[in-house]
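In listed order, ligands and their atoms are each counted from 1.
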Amino acid sequence: MLKCFRKLRGSGRVLLFVFVASIIWVIVDIAVIRVSLGDVNNKLTKQRAFQKMKWAIENRQNMTKSNPPKTNPPKTNTPETNTPKTIEDAYEEEYMMTDREVSRFRVHRIKNKDNKDNVQDKKNLQENPGDDQPPPVASKVAVDLFIGDDDDPRLKNNLVKKHPKDVAIMKPVKNPPEDVEIIKPVKAPENTHVKGVAEHQAVKEELSMKEEKHIEKIQLQDTNQNTSMNEDKGAGEKVKKSETVQLNKGGVHQVLSLDVTAAPRDPNAVGQSGQPATVPSEEAALAEQMWDEGQFNVYLSEKIPLDRGIPDTRPEICAHSMVHDELPSTSVIFCFVDEVWSTLLRSVHSVLNRSPPHLLKEIILVDDFSQKDYLKDDLDKYMANFPKVQIIRLKERQGLIRARMVGAAAAKGDVLTFLDSHIECNVGWLEPLLERIYLDRMAVPCPVIEVISDQDMSYKLVDNFQRGIFNWPLVFAWNALSNDYVKKNNMTIADPIRCPVMAGGLFSIDKKYFYELGAYDPGLEVWGGENMEISFKIWMCGGKIEIIPCSRVGHIFRKHNPYTFPNDRRKTVERNLARVAEVWMDEYKDLFYGHGQLHLLDQKMMDLGNLTEQIKLRNRLECKSFKWYLDNVYPELDAPLLKAEGLIFNRGFRKCLSVQNQSFSFEPCDLAQPNQHFNYTWMMQIRQQDMCVAPLIAQTTIHLKPCDPTLSVLRWLHKSSKLKQPDQLTVENTSKLVCLEVNQQNKRLRLARCTKDNLFQQWEFTNYYIE
Ligand code: UD2
Ligand code: MN
């Protein structure tokens, strides 16, 4: 019995094992069946989704307020919403796409920062079987700036041919770009690579809200639409694609970081991604020869693709910042004289490629009477392919200032954006500028001006917190905000930076406001000083100038102007500055003249032209004083109105100079005596009220004469300062060195030959205001 029981127990284990095993088998079997059913379901789901997506694509272009979708979507099991969502939203929400599936509907994003990443992305793309079809949403169109077939060797080394006849403009893309990363688009004009759009949840919500409201939709058309110069008409067809973006009154969206590319961007192209380029040693002589044409490395510029990538140098948070949907449109104005072909074109392409098309009203090229042949017909022909670009030819050289005014007069945009003709606009450059004007029409925003190296054409990031200032005599300079200032004002690296003056070349301004301000002084010639004029005018007449760190534009800074000046360059700039000083600087103009510009006061030497209109304008606008400007906008500037003042003490005689009945005497020093009080001015005059100490050379003595800043005979050289020892008072305008001296015998004043260490020739004012 016991044995039998043991046997049964043994076989019971076996039975139990068999029982458990079959249960597991059944479970596994059911699971397998479920999985294959799921597969079938998934396929059906996907098919439905594709159908719906196809419908969405077909209808997307018809979706405007007045033009609702014409066809219905295919029926699905999911409830219909009134508002068609974006393709990818609809798909994602309703069918719970996997990441891999989502990636099919993503557009490509340019990754400027590191080509290695791009290569990796490409690899990922290849390894990812989900991406084996071209993305259905963003069909790519290339902007090919080279002639001929793919086999053309110039395509391979990205040689930009100078002769525009050799240049084909548009070319359809055959393969997806190579240097890309993939992100999810929400509002992207077709044919663009969009960075950072709607990755942000808040933006997504904002946008879907707007879609529901359907208040306004704007068609974002590719700027290159209908612009093919290519013989192949098909290429033209392919670029005629557009998408809609819905904009909402009072709504906001994440800043658009468009970057239309000549896809595929060749990572090995010369200067690609803003990398430094080098001249091969055998070409060094040629490169040197080409330098003078532009005063930078023209040789390399010719090799660099016209739509090269540049690194996105914005502070991290900029790509996520929000701007209003209803920004004003802008006309971009480039003035140029004898600009280098490749840099001019690169400038224009950077605007076309990186500006939201609906905000870019036009690009106006003002040719300031260039003499170079290629800037005539060839440029006309090339630009004829870009409907947004127009060229205005000046019949004689007007100079940059009047050329800008011609451009402004022709502009149809709400905002004028002035740019130099050798720049590269970075991604997302435009909206932050327009946003600033949208918020305050009297704000004049400038991008951060970054550096395109004149040597190797690399794109260089500049330091944060830089502002534009001037030093005497009105010399523009960059200046870093102090840490204290940054802390005190709680500033982040993306906050606008108040600038006492702008650099001049790159800024946006509300067009009406520009004219309210009287535009530029048309009496300014050729080049220089107009940045001071417009800066003072803006600040003193109620506006403000700011650098917007989220907007960045590279500029080739050159050591010499590559063009000629109709008259002497130095004189031209000095005269312009003197006009500005006369109109805007009140008594502070003395500081301008006093810092090495006294020769400008000589009317025979310098005809400043008529200033009446400018002075009238200032009065009409009821602009504030220059003192207000210094106190409120640029308090850091050292701007004492006098070089020195107080008593004039003679070190040898140990008494002070005094005026009694129009003649000079010496008295014991007494600060309370007004007749002992003199000012030593920036005009180098020794002044008591309106009377000036004047030398009488022939009589070797001095007398008092009514002051006149233009009279050079009234000028005394006196080198003493806060730091230096007392010094001689030397008559400035004589060939011999003549000094003011106390005659040791009769204790009277006289003019004598300057002798070192003679204490009777040494004078000291009570207060010095200069270092
Ligand atoms: C800076 C400004 C520039 C201007 C200048 C002072 C920047 C980046 N640049 O000098 O815009 O404010 O200071 O006036 O802030 N041009 C003409 N006609 C002429 C002379 C020049 O159209 O008679 C064009 C020229 O081709 C260029 C632009 O004006 O596109 C500015 O000239 P620049 O580049 O020689 O001036 P830049 O950058 O040294
Ligand atoms: Mn320039």
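The residue among F336, F476, Y563 with a heavy atom at the shortest distance from atom 32 (O) of ligand 1 is Y563.
In V526, the parts holding a heavy atom less than 4.0 Å from any atom of ligand 1 are both the side chain and the backbone. The side chain of R404, and not its backbone, has at least one atom closer than 4.0 Å to an atom of ligand 1 (non-hydrogen atoms only; side chain from C-beta on).
Residue A403 places every heavy atom at 4.0 Å or more from ligand 1. For the ligand labelled ligand 1, residue Q398 lies outside the 4.0 Å heavy-atom shell. Heavy-atom distances between N531 and ligand 1 stay at or above 4.0 Å for every pair.
For ligand 1, the polar-atom distance check against P562 finds no nitrogen or oxygen pair separated by under 3.5 Å. Inclusion of E339 in the set of residues having an N or O under 3.5 Å from an N or O of ligand 1 is not warranted. Below 3.5 Å of separation, one finds no N or O of L506 facing any N or O of ligand 1.
Counting protein heavy atoms only, atom 31 (C) of ligand 1 is closest to D420 OD1, 3.4 Å. Counting only heavy atoms of the protein, atom 36 (O) of ligand 1 lies nearest to W527 NE1, 2.9 Å. Here the protein heavy atom with the shortest distance to atom 15 (O) of ligand 1 is G505 N, 2.8 Å.
Numbered from 1 in the order shown, with element, the atoms of ligand 1 that lie under 4.0 Å from a heavy atom of E530 read 4 (C), 6 (C), 12 (O), 14 (O). Residue D368 has at least one heavy-atom neighbour below 4.0 Å for each of these atoms of ligand 1: 17 (C), 18 (N), 19 (C), 22 (O), 23 (O). For ligand 1, the atoms sitting less than 4.0 Å from at least one non-hydrogen atom of H422 are 27 (C), 30 (O), 34 (O), numbered in the order shown with element in parentheses. Close contacts between ligand 1 and H555 involve ligand atoms 8 (C), 38 (O) [criterion: under 4.0 Å to a heavy atom].
The count of protein N, O or S atoms under 2.8 Å from the Mn ion (ligand 2) stands at 3, with waters excluded from the count.
Identified under the disulfide (SG to SG under 2.5 Å) test for residues 334-412, with sequence neighbours left out: none. Residues in residues 500-515 take part in these side chain to side chain donor-acceptor pair (under 3.5 Å) pairs, two or more places apart or across chains: T417-S508.
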*Stepwise ring pair (Phe, Tyr, Trp, His ring centres under 6.0 Å) check, F514 with F418*: CA-CA 12 Å; F514 180 69; F418 294 104; 5.8 Å; yes
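Under the rule for a disulfide bond (SG atoms under 2.5 Å apart), the partners of C550 that lie at least two apart in sequence or sit in another chain are C318.
Ion pairing of D420 with R558 is absent here, as no side-chain N (NZ or NE/NH1/NH2) approaches a carboxylate O to less than 4.0 Å.
Remark: R354 fails to qualify as a cation-pi partner of W429 under the 6.0 Å distance and 45° angle criteria applied to the six-membered ring.
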